[in-house]
Number of protein chains: 2
Amino acid sequence: MSSRPDPDALGFVLIDVARMLRSAFERRIATAGLGLTPGEARTLVRIATLEGSRQLDIAQRMGIEPMTLSTYLDRLQSLGFIERRPDPADRRAKLIFTTPAAGALIASIRTEQVELMEHVTSGIGPEELELIRDRLKRLRANLCALEEDSAAPALAKDAGR
Amino acid sequence: MSSRPDPDALGFVLIDVARMLRSAFERRIATAGLGLTPGEARTLVRIATLEGSRQLDIAQRMGIEPMTLSTYLDRLQSLGFIERRPDPADRRAKLIFTTPAAGALIASIRTEQVELMEHVTSGIGPEELELIRDRLKRLRANLCALEEDSAAPALAKDAGR
DNA sequence: ATGCATAGTAAGCTACGCTTACAATAAGCC
DNA sequence: GGCTTATTGTAAGCGTAGCTTACTATGCAT
């Protein structure tokens, strides 16, 4: 019956998986004694791929608010894993770099991540995994668009779409 | 380089999608004036499919701790959407039922959920969605197993795997 | 120079989950 | 029966991951 919503609907399953994944990742990171939260780990990994970017850029790539990123950076900086250097081209801005000390940590995070995902995806073929990853990226793109809409609804007006 | 972890790895994308999905759902529910948080909505929907179960059972099905569920139930009960009835067979236990007042709300949640997912999955064919849902359920099952392992590691011992 | 825009941050809030400790009850065992 | 142990639900308090709002410092355009 339609009065019995399916708890296995895609959205619910997705959220279930994400919650469990995060908590499993947290447990792994804690066990490995890395001393980071999953969010900090995620941030550090992102920074490593965006070496020398501004905070706004990083935040946007990560899909979080600049303030949220700033908090993570405070923590990562106090641990000595990243640096904030003034942008010579704009004295308001700061450029973010990982420190040499972060190298081993990033590798460890990577290892934990890979091992966990191997466990979690066991029983699913590589082509299917690739497909899922691809479609999830599509979902993410759709969600990004959605957020932009709701952030600037005044511009949308009755433009019809 | 292997020293540059891919921020588009399956795990990261999954967590991204889940975060955005939850926040989009939150926005929708808030806009619709349902007066619930996404977690409460998720709980209510689950209860509707498990009418008359014990709290422990529901918590287990939802993959959360009994205490976490208890908090949601407090809130849902104070809003008049669920009832806790004593279990005639066990005076420690309580059985959870939705109230008639919850019917319309559950339908609304369902609507919001469906509309959101239609938006978010636009551009992906139904067969592919079905496949993704299926594989995600597999991931969820793997994650459940993982949690049980870490909850009772003493039993696992060197039992081979 | 004046006025608006932009980069980062301080302060404080919400949602979602957890652990630990406990009361009440049930169930197994002599 | 009486004792011990297990189980159900809950009170209290914590941590993580985000957000918004308001502010400072700086840049840019007129």
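Keep in mind the model is a prediction, meaning the values are calculated, not measured. Protein chains get the first letters and strands the later ones, always in sequence-line order, with residue 1 at the start of each.
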Under a 4.5 Å cut-off applied to non-hydrogen side-chain atoms, are [X] and [Y] in contact?
X	Y	result
Ile96(A)	Arg54(A)	no
Thr121(B)	Asn142(A)	no
Phe97(B)	Ile82(B)	no
Leu36(A)	Leu76(A)	yes

[X] [atom1] to [N] [atom2], straight-line distance once rounded to whole Å:
X	N	atom1	atom2	answer
Phe25(A)	dG17(C)	CZ	P	19 Å
Arg19(B)	dG17(C)	CZ	C1'	17 Å
Arg85(A)	dG8(C)	CZ	P	15 Å
Met67(B)	dC16(C)	CE	P	15 Å
Arg22(B)	dA15(C)	CZ	P	11 Å
Glu65(A)	dC13(C)	CD	P	19 Å

Between Arg19(A) and Met62(B), which heavy-atom pair has the shortest distance, and what is it? NH2-O, 3.2 Å
Here the pair of heavy atoms bringing Val45(A) nearest to Phe12(B) is CG1-CE1, 3.7 Å
Between the protein and nucleotides 4-7 of chain C, which nitrogen or oxygen pairs come in under 3.5 angstrom?
from	atom 1	to	atom 2	distance (Å)
dT6(C)	O4'	Arg92(A)	NH1	3.4
dT6(C)	O2	Arg92(A)	NH1	2.7

Residues Thr98(B) and Glu51(B): side-chain donor-acceptor under 3.5 angstrom: yes
Say whether Arg28(B) and Gln113(B), considering side chains only, have a donor N or O and an acceptor N or O under 3.5 Å apart. no
Could you tell me whether Thr37(A) contacts a base, only the sugar-phosphate backbone, or nothing, with contacts defined as non-hydrogen atoms closer than 4.0 Å? sugar-phosphate
Using a 4.0 Å heavy-atom cut-off, does Arg75(A) contact any base of the nucleic acid, only the sugar-phosphate backbone, or nothing at all? nothing
The answer to which of Glu26(A) and Thr71(A) contacts DNA chain D further toward the 5' end, by nearest nucleotide, is Glu26(A)
In terms of the nearest nucleotide of DNA chain D, which residue is placed more toward the 5' end: Arg91(A) or Ile64(A)? Ile64(A)
CG of Leu10(A) to CE of Met117(B): how many Å apart, nearest 0.5 Å? 4.0 Å
Shoot me the first and last contacting nucleotide of DNA chain D against chain B, ordered 5' to 3', at under 4.0 angstrom to non-hydrogen atoms. dA6(D) to dG18(D)
Does a nitrogen or oxygen in the side chain of Arg27(B) sit under 4.0 Å from OP1 or OP2 of dA15(C)? no
If each end axis of the helix from dA1(C)-dT30(D) to dC30(C)-dG1(D) is fitted on five C1' pair positions, the angle between them, to 10 degrees, is 10°
Tell me whether Asp16(A) is salt-bridged to Lys137(B), with the criterion being a basic N under 4.0 Å from an acidic carboxylate O. no
Would you say that more than 12 heavy atoms from the other residues, nucleotides or ligands in this model lie under 6.0 Å from the CZ of Arg84(A), or not? yes
